[in-house]
Protein chains: 2
Amino acid sequence: MAGRHRTFEEAIVLKKASEVFWAKGYESTTTEDLLKAMHLNKGSLYNAFGNKKSLFQQVVNFHATNLFLDLDQRIKGSVHPIQVIKELFREVCDPEDPAMHEKGCFFGNAVSELASIDKELERMAVEKLRTLESFFEKALEQAKDLNQWSGDTKTTARYLITIWNGVNVTRRMYPRRSDLEPSLRMSLQVLDNK
Amino acid sequence: MAGRHRTFEEAIVLKKASEVFWAKGYESTTTEDLLKAMHLNKGSLYNAFGNKKSLFQQVVNFHATNLFLDLDQRIKGSVHPIQVIKELFREVCDPEDPAMHEKGCFFGNAVSELASIDKELERMAVEKLRTLESFFEKALEQAKDLNQWSGDTKTTARYLITIWNGVNVTRRMYPRRSDLEPSLRMSLQVLDNK
DNA sequence: GCCATTTTATACTAATTGGTCAAAAACTAC
DNA sequence: GTAGTTTTTGACCAATTAGTATAAAATGGC
């Protein structure tokens, strides 16, 4: 294949784009915002990613792939799958970067914003949240096999994704860990069923 | 005071505006959308409500006033405050109009959308969600006084607002009542503490 | 009836939007 | 080196945006 090489790394510029979309949402992010963050020119962006919607779809997939790869790795080897779930929620309530609080969950944000705006993009974000739910389910099943937990896995997984969606809004109301911890502890009591 | 009278009812046009903002969010709602829904001309709208942001603020207050008036009434006379909370969540999971699912919670949507866009509007929506949380708290205290429930009211109220924020996203993932009910039942088990 | 005041209607504006285009630059294959 | 292909660059465009200006219509006090 002949022709000039790309001067940018796809993973790097997609990461940059995801930060902008994550913070500002889909509609409020302008092409100008993206160009600046990705250090690209207009032609390059449209040549490489098509258009704004297509870029967003690729960003969603990129973000999801990274997240679920990490989650799978964490759960795969673990002998304490319940702990993996708990740690995940702890990270949400007490992130290294406190600015994460105002960003919430990328997929949850997308669902909220796009539900009445763009059904195709909404369905895509919904699908990613469902994948996250299925990760919870997998972890619970694993814990069950290890006799570390008992309960209805499907119902509990759906309960957990609801807690997930919830804390990602509530953390904007109360960005301080100490304001979130007691109710989070209450939320996760279902994980202590032996 | 001389001059021509208004030909529109403020409450009616604010209701119309709230439906548009609720469905499409703040940024994606155009003045054209508002004008069409409110059956107003541009001049009338800007004369009566200032600008888009000011209109949004008035809509948020209008929506909140109506909601909290209704909630206060429901709880005021009730001898079963726990039931009032449960009914509220049932209505969310099984609304008369199924299209409500994709609209979610007006305030939660606003928080998600505006957290990184407009701090002033976000704080306003956060404040309304806090008021809703304080309503939960009041109902729980009332139940406690009636010896119908025991527990930590503050923590449980914060837990409930998190469930509220959560189901208002999860309902977009699963608009069917039967897909939401089991996990909702699990969520509300804390209300059965005697 | 007349004047002051307000609402309504519509034309207009300046800025921003997502997206296109054409030419130059950089590269591969031969 | 040259032809052919791709990426980069930046100017350009049509549509849409929130908001303004101006004039006509409607109202109330006198």
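Residue numbers start from 1 in every chain, and the chains themselves are labelled A, B, ... in the order their sequence lines are given, proteins ahead of strands.
One finds a side-chain N or O of A:His5 lying less than 4.0 angstrom from the OP1 or OP2 phosphate oxygen of C:dT28. Neither OP1 nor OP2 of D:dT8 sits under 4.0 Å from any side-chain N or O of A:Asn41. Taking only side-chain nitrogens and oxygens, B:Thr7 never comes nearer than 4.0 Å to OP1 or OP2 of C:dT7.
With sequence neighbours left out, the ring-ring contact (aromatic ring centres under 6.0 Å, His included) criterion links A:Tyr159 to no other residue. When the side-chain hydrogen bond (donor to acceptor under 3.5 Å, both in side chains) test is applied to B:Glu141, no partner is found at least two apart in sequence or on another chain.
Checked against the 6.0 Å centroid criterion, the rings of A:Phe21 and A:Phe56 qualify as a close aromatic pair.
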Checklist entry - Which is it for B:Ser44 and B:Asn47 under the side chain to side chain donor-acceptor pair (under 3.5 Å) test, yes or no, and what are the steps along the way? => result CA-CA 5 Å; B:Ser44 303; B:Asn47 177 59; over 6 Å; no
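For the atom pair CG of A:Leu34 and NZ of A:Lys36, the computed distance is 11.5 Å after rounding to the nearest 0.5 Å. Interatomic distance, B:Thr156 OG1 to B:Leu191 CG, rounded to the nearest 0.5 Å: 8.0 Å. From A:Asn168, atom CG reaches atom CD1 of A:Ile163 across 11.5 Å, with rounding to the nearest 0.5 Å. Distance check, rounded to the nearest 0.5 Å: CD of B:Glu133 to CD of B:Glu127 gives 13.0 Å.
When rounded to the nearest whole Å, the span between CD of A:Glu10 and C1' of D:dT8 equals 17 Å. Per the geometry, NZ belonging to B:Lys42 stands 13 Å off C1' belonging to D:dA21, to the nearest Å. Following rounding to the nearest Å, A:Glu32 (CD) and D:dT9 (P) show an atom-to-atom distance of 14 Å. The distance from atom CG of B:Leu34 to atom P of D:dG19 is 11 Å, rounded to the nearest whole Å. Residue B:Leu35 contributes atom CG, which lies 11 Å from atom C1' of D:dA18 at whole-angstrom precision. Rounding to whole angstrom units, CG of residue A:Leu40 and C1' of D:dT6 are separated by 15 Å. Computed from coordinates, the A:His39 NE2 to D:dT8 P distance equals 15 Å when rounded to whole Å. Between A:Phe8 atom CZ and D:dT6 atom C1' the separation is 12 Å, expressed in whole Å.
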Identify all pairs in which a protein N or O lies below 3.5 Å from an N or O of nucleotides 22-25 of chain D, and state each distance.
none

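Considering all non-hydrogen atoms of both residues, A:Ile161 and A:Leu129 come closest at CD1-O, 3.6 Å.
Of the residues in residues 43-60 of chain B, those with a non-hydrogen atom less than 4.0 angstrom from any atom of DNA chain D are B:Tyr46, B:Asn51, B:Lys52. Applying a 4.0 Å cut-off to non-hydrogen atoms, none of the residues of residues 14-30 of chain A approaches DNA chain D.
A single hydrophobic cluster is seen to contain both B:Val126 and B:Ile117, as judged by linkage of ILVMFWY side chains at heavy-atom distances under 4.5 Å, directly or through other members.
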Can you give the donor-acceptor pairs under 3.5 Å from side chains of residues 105-115 of chain A to other protein atoms, not counting sequence neighbours?
| from | atom 1 | to | atom 2 | distance (Å) |
| --- | --- | --- | --- | --- |
| A:Asn109 | OD1 | A:Arg172 | NH2 | 3.0 |
| A:Asn109 | ND2 | A:Lys103 | O | 2.6 |
| A:Asn109 | ND2 | A:Cys105 | O | 3.4 |
| A:Ser112 | OG | A:Gly108 | O | 3.4 |
| A:Ser112 | OG | B:Arg172 | NH1 | 3.3 |
| A:Glu113 | OE1 | A:Tyr26 | N | 2.9 |
| A:Glu113 | OE2 | A:Tyr26 | N | 3.4 |
| A:Glu113 | OE2 | A:Glu27 | N | 2.9 |

